[in-house]
Amino acid sequence: MISVAEAIQIVKEQTRRLATERVAIQNSLDRVLAEDIVADTDLPPFNRSQMDGYAVRAEDTNDAPVRLRIVGESAAGKGWHHDLKEGEAVRIMTGAPVPNGANAVQQVELAHELKDNTVVEILESVAPGRSIVERGNEITGGETILRSGVVINPAMQAVLASFGYASVEVGVQPRVGVMATGSELVAVDQVPGRDQIRDSNNYSIAAYAERAGALVERFPLTGDVTADLATAIDDAAKRCDVFVTSGGVSMGVYDFTKAALKKLGAELFFERVALRPGKPTVFARLPNGTLVFGLPGNPVSVSVTFNLFARTTLRAMQGANDPTLTTENGVLAKPVKGSLDRDSYLPAQLTTNDDGELVAFPLKWGGSSDFVAFARATALVVIPAGVKIMDSNAIVKVLRLP
Ligand code: AMP
Ligand code: MG
């Protein structure tokens, strides 16, 4: 049995990055960026007014109220490109370029126009620099703004657009096959007969895989027969970079997933992890190169093991800088039992307390089959192996679920 940390390390070592491709900016959401994004302009590209008001020489307003001659107008998209001189003002709008010679903008609320709008009375003096964002204040042209390996979010799309990236290089999406195994399983649209249950794992696995950026293909349910499993895995895996099964990896007489993988000549990297829930997780590679995750059948074990291991592979294949779930520290809200020989990854909800600390509430749950309780979880709290009981108020590691 290996530790969770060792298992994640092995997963990273065995995962190879896929190629990259160019996609249009509007198709880049949640994809992993595969190039550095460099600013092609200063931001702002000119001295920009932050207010509607009057561009002036600040020193002309020292004895406010003062009257200045209006010599022009600078609007967003249509600036006034002359030199402003002593005693002059230019009517200016938010986002418009500040004329040469002006060094402050007095806001419209502190001024009013007179004499058929040829003169403005500035009611209060304005300090130099007021309401002007200087050219290059936010970004200098040539600066690297986003680094290769980040997952593109909506705000980053605005960044890409601002610097003219109509298309970007991203990691190719892994093709993931999903197959539930178990002779007791029926499809969602069937009424389970005696001794049967509906397959739920295919849905959670496919959804988590899509959230990790994969293209998912679902394969038919397969019963607990080694030959059938081997044929099904062999056929399906040809079309996949990663193949994820659930069920049939424990020690029961009908647990045949490993036997099927061995029959196909797969190399098994691990088959037991010191993890609760999810001990019998299998990680292997088929002779054609497809990576296989044989997850346990229990639905909660599926969610935990998928997100610790399979998700890591999917993000690493796309070139993500940090393919694992982000780890944070949180305060444990109530005591929970750990396990002597395994790390526990337990369902929890997160809130913050009055001190602004992240607080993890472990959920009451009935074990690894209790997927109804797990549906309320937003995070996993980690109780390291060897800790019999983690007391409330202890600081624990917290992983947010995708
Ligand atoms: P196994 O790992 O095959 O021993 O399965 C462990 C438990 O998970 C059993 O109670 C199975 O019936 C259940 N199970 C297995 N596969 C699925 C599935 N696809 N959807 C829901 N439950 C499952
Ligand atoms: Mg089974």
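Each ligand, and each atom within it, is numbered from 1 in the order the structure gives. All residue numbers in this chain count up from 1 along the given sequence.
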- Message: Quick check: Asn202 and ligand 1, any N/O pair under 3.5 Å apart?
- Response: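 It does not: no N or O of Asn202 is found under 3.5 Å from an N or O of ligand 1.
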
- Task: Could you tell me whether some N/O pair between Pro299 and ligand 1 is separated by less than 3.5 angstrom?
- Result: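 So ligand 1 has no N or O lying under 3.5 Å from an N or O of Pro299.
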
Quick test: of every protein heavy atom, which one is nearest to [atom], and how far off is it to 0.1 Å?
atom                    : value
atom 6 (C) of ligand 1  : Asn298 N, 3.7 Å
atom 19 (N) of ligand 1 : Asp199 OD1, 2.8 Å
atom 22 (N) of ligand 1 : Ile197 CD1, 3.4 Å
atom 12 (O) of ligand 1 : Glu184 OE2, 2.5 Å
atom 23 (C) of ligand 1 : Gly297 O, 3.4 Å

- Item | Pair listing, salt bridge (charged side-chain N to carboxylate O under 4.0 Å, His left out) test, anchored in residues 141-158, at least two apart |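 Only Asp36-Arg147 qualify under salt bridge (charged side-chain N to carboxylate O under 4.0 Å, His left out).
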
- Item | 4.5 Å side-chain heavy-atom contact, Val151 and Gln318 |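 No. Closest side-chain heavy atoms not under 4.5 Å.
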
- ligand 1 atoms in contact with Gly247 (distance to a heavy atom under 4.0 Å):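 Within the 4.0 Å cut-off of Gly247, ligand 1 contributes 2 (O), 3 (O).
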
- Message: With heavy-atom distances below 4.0 Å as the criterion, list the atoms of ligand 1 near Asn201.
- Response: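 Heavy-atom distances to Asn201 below 4.0 Å select 16 (N), 17 (C), 18 (C), 19 (N), 20 (N), 23 (C).
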
- Message: Around atom CZ of Phe361, are there more than 12 heavy atoms from other residues, nucleotides or ligands closer than 6.0 Å?
- Response: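 For Phe361, atom CZ is not crowded (no more than 12 foreign heavy atoms under 6.0 Å).
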
- Any side-chain donor near an acceptor of the partner, Ser125 and Asn62, under 3.5 Å: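 No, because no side-chain N or O of Ser125 sits under 3.5 Å from a partner of the opposite role on Asn62.
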
- Using distance alone, with no hydrogens and no angle criterion, decide if Asp341 and Ser339 have a side-chain donor and acceptor under 3.5 Å apart.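 A donor-acceptor contact under 3.5 Å links the two side chains.
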
- Between Arg276 (side chain) and Arg342 (backbone), is there a donor-acceptor pair under 3.5 Å?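 Side chain of Arg276 to backbone of Arg342, a donor-acceptor pair under 3.5 Å: no, none is there.
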
- Between Ala180 and ligand 1, which residue portion shows a heavy-atom distance shorter than 4.0 Å: side chain, backbone, both, or neither?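 Within the 4.0 Å criterion, Ala180 contacts ligand 1 through side-chain atoms alone.
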
Do any heavy atoms of [X] fall under 4.0 Å from ligand 1?
X      : result
Ser250 : yes
Ser200 : yes
Gly248 : yes

- Query: Would Arg130 and Glu124 pass as an ion pair if we require N to O under 4.0 Å?
  - Reply: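 Answer for the salt bridge query: no.
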
- Task: Carefully, step by step, assess Thr257 and Asp255 under the rule side chain to side chain donor-acceptor pair (under 3.5 Å).
- Result: CA-CA 6 Å; Thr257 304; Asp255 289 327; over 6 Å; no

- Contact list for residues 392-402, test side chain to side chain donor-acceptor pair (under 3.5 Å), sequence neighbours left out: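 Residue pairs with at least one partner in residues 392-402: Glu328-Arg400, Asn329-Lys397.
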
